[in-house]
Engineer: 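This structure is in structure tokens; I'll ask about it shortly.
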Amino acid sequence: MAVRLTERDTCLLVKCALCRWLTTDQLQRLYFPEATLNAVQKRLRKLADAGYLRSYREHPTAESFHAAGPKGAPLVKEKGVAAMAASDVPRQAEHLWGVNEVRLAVELASMPVVYFFAYWELADLGWRFPVIPDTVFAVRTPGRRTFLGEYDRGTETLDKLLVKLRRYADGLEGFPFDAVLIVTEESRRLDLLAKEIRREGLTVPVLVSTLEAIRQTGLFDAEFVELPRRTPRKIFENNDEEAID
DNA sequence: TAATCAGACTCATTACTCGC
DNA sequence: GCGAGTAATGAGTCTGATTA
């Protein structure tokens, strides 16, 4: 059966191309906030059957991931977006999911987004620094605030994260930023991180929160912990620095 | 048992055709 | 050009199948 593409379908395909893989739940929050999960699944199934989407499930009770399909890519191109080549199955699915969760948290917040890029987009944008953050984004508050984002599943060694933080502390020449935001799946790493940051004397502002906290209250209302002092604060609280414009 | 998806069914909306 | 009728499709609910 032919599918009549709606404006929402096109936006959805563009977003899938940008994000590589998005889950049914993520697409529901973005494009079907009023619809039931069943209705969302049905629409996505239809788009997949018609070749506009590609869907992948790890096992029958797992949530589906969706990427732009063969018929979706040309439509995405028409919109001026370079279609990101998604692999046959989502690689590092949990990490990809987490990075896209941060993207949704930023984009669904009420604050105007200047830009948001995930690590897979940065190379094409001429990112020239030896360290590649999971996300880079800027919002207008009304001054521009720029953040580097790391999604920490706790599966990577602390050393790897610290290497990145050291590089951020050294500064990215010509790319000033306000803080490094670390979003973790669990808060257990806080103690270790705080200890290491204090031991190394890193001066880069580091704010840590959990994915659950962000999903509950939204990114900019969520409680973060500023390391190494472990001071609780929201992103735009207690920030004495002038916004970069 | 719980989570997810597929299929059947129904209703609403939109696009198209045709007669006036 | 306009309105009525019809077909196609979107969107919703409900139920069942599947499997970790």
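Computation of the quantities below employed the complete heavy-atom set of this structure, encompassing side-chain atoms and omitting hydrogens, waters and symmetry-equivalent molecules. Quick note on labels: first sequence line is chain A, next is B, and so on, each numbered from 1.
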Engineer: Could you pull out all residues at least two apart from A/Phe220 that satisfy ring-ring contact (aromatic ring centres under 6.0 Å, His included)?
Structural biologist: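 For A/Phe220 the ring-ring contact (aromatic ring centres under 6.0 Å, His included) partners, ignoring immediate neighbours, are A/Phe236.
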Engineer: Enumerate the salt bridge (Lys or Arg N to Asp or Glu O under 4.0 Å) contacts for residues 128-138 of chain A, please, sequence neighbours excluded, ordered by first and then second residue.
Structural biologist: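 For residues 128-138 of chain A: A/Asp134-A/Lys164.
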Engineer: Could you run down nucleotides 13-20 of chain C 5' to 3' and tag each one B, S or - for protein heavy-atom contact under 4.0 Å?
Structural biologist: BBB---BS
Engineer: For a quick test of your reading: what N or O donor-acceptor pairs under 3.5 Å do the side chains of residues 101-114 of chain A make, sequence neighbours left out?
Structural biologist:
{"from": "A/Glu101", "atom 1": "OE1", "to": "A/Arg29", "atom 2": "NH1", "distance (Å)": "3.4"}
{"from": "A/Glu101", "atom 1": "OE1", "to": "A/Arg29", "atom 2": "NH2", "distance (Å)": "3.4"}
{"from": "A/Glu101", "atom 1": "OE2", "to": "A/Gln26", "atom 2": "NE2", "distance (Å)": "2.9"}
{"from": "A/Glu101", "atom 1": "OE2", "to": "A/Arg29", "atom 2": "NH2", "distance (Å)": "2.5"}
{"from": "A/Arg103", "atom 1": "NH2", "to": "A/Glu121", "atom 2": "OE1", "distance (Å)": "2.8"}
{"from": "A/Glu107", "atom 1": "OE1", "to": "A/Lys15", "atom 2": "NZ", "distance (Å)": "2.6"}
{"from": "A/Glu107", "atom 1": "OE2", "to": "A/Lys15", "atom 2": "NZ", "distance (Å)": "3.4"}

Engineer: Could you pull out all residues at least two apart from A/Tyr31 that satisfy ring-ring contact (aromatic ring centres under 6.0 Å, His included)?
Structural biologist: none
Engineer: If you look at every strand shown and take non-hydrogen atoms under 4.0 Å, does A/Gln41 touch a base, only sugar-phosphate, or nothing?
Structural biologist: base
Engineer: How long is the line joining OH of A/Tyr31 and C1' of C/dA11, in whole Å?
Structural biologist: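 Rounded to whole Å, this separation is 19 Å.
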Engineer: Less than 4.5 Å apart, side chain to side chain, heavy atoms only: is that true for A/Leu44 and A/Leu12?
Structural biologist: yes
Engineer: Within the 4.0 Å heavy-atom criterion, would you say A/Arg45 contacts the bases, only the backbone, or no part of the nucleic acid?
Structural biologist: base
Engineer: Could you tell me from which nucleotide to which nucleotide of DNA chain B, 5' to 3', there is an atom under 4.0 Å from chain A heavy atoms?
Structural biologist: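 Contacts span B/dA3 to B/dC9, reading 5' to 3'.
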Engineer: State whether A/Lys46 places a side-chain N or O below 4.0 Å from either non-bridging phosphate oxygen (OP1 or OP2) of C/dG10.
Structural biologist: yes
Engineer: According to the ring pair (Phe, Tyr, Trp, His ring centres under 6.0 Å) rule, which pairs have a member within residues 122-143 of chain A, sequence neighbours left out?
Structural biologist: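 Checked against ring pair (Phe, Tyr, Trp, His ring centres under 6.0 Å) - neighbours excluded - the pairs reaching residues 122-143 of chain A are A/Phe116-A/Phe137, A/Trp127-A/Phe129, A/Trp127-A/Phe175, A/Phe137-A/Phe147.
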Engineer: Any pair with a residue in residues 178-219 of chain A that passes ring pair (Phe, Tyr, Trp, His ring centres under 6.0 Å), sequence neighbours left out, goes on the list, sorted by first then second residue, please.
Structural biologist: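 Every candidate ring pair (Phe, Tyr, Trp, His ring centres under 6.0 Å) pair involving residues 178-219 of chain A fails, so no pair, neighbours aside, qualifies.
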Engineer: Taking only side-chain nitrogens and oxygens of A/Arg8, does any of them come within less than 4.0 Å of OP1 or OP2 of C/dG10?
Structural biologist: no
Engineer: Can you list the residues that meet the side-chain hydrogen bond (donor to acceptor under 3.5 Å, both in side chains) rule with A/Thr210, with sequence neighbours excluded?
Structural biologist: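 Partners of A/Thr210 under the side-chain hydrogen bond (donor to acceptor under 3.5 Å, both in side chains) test: none.
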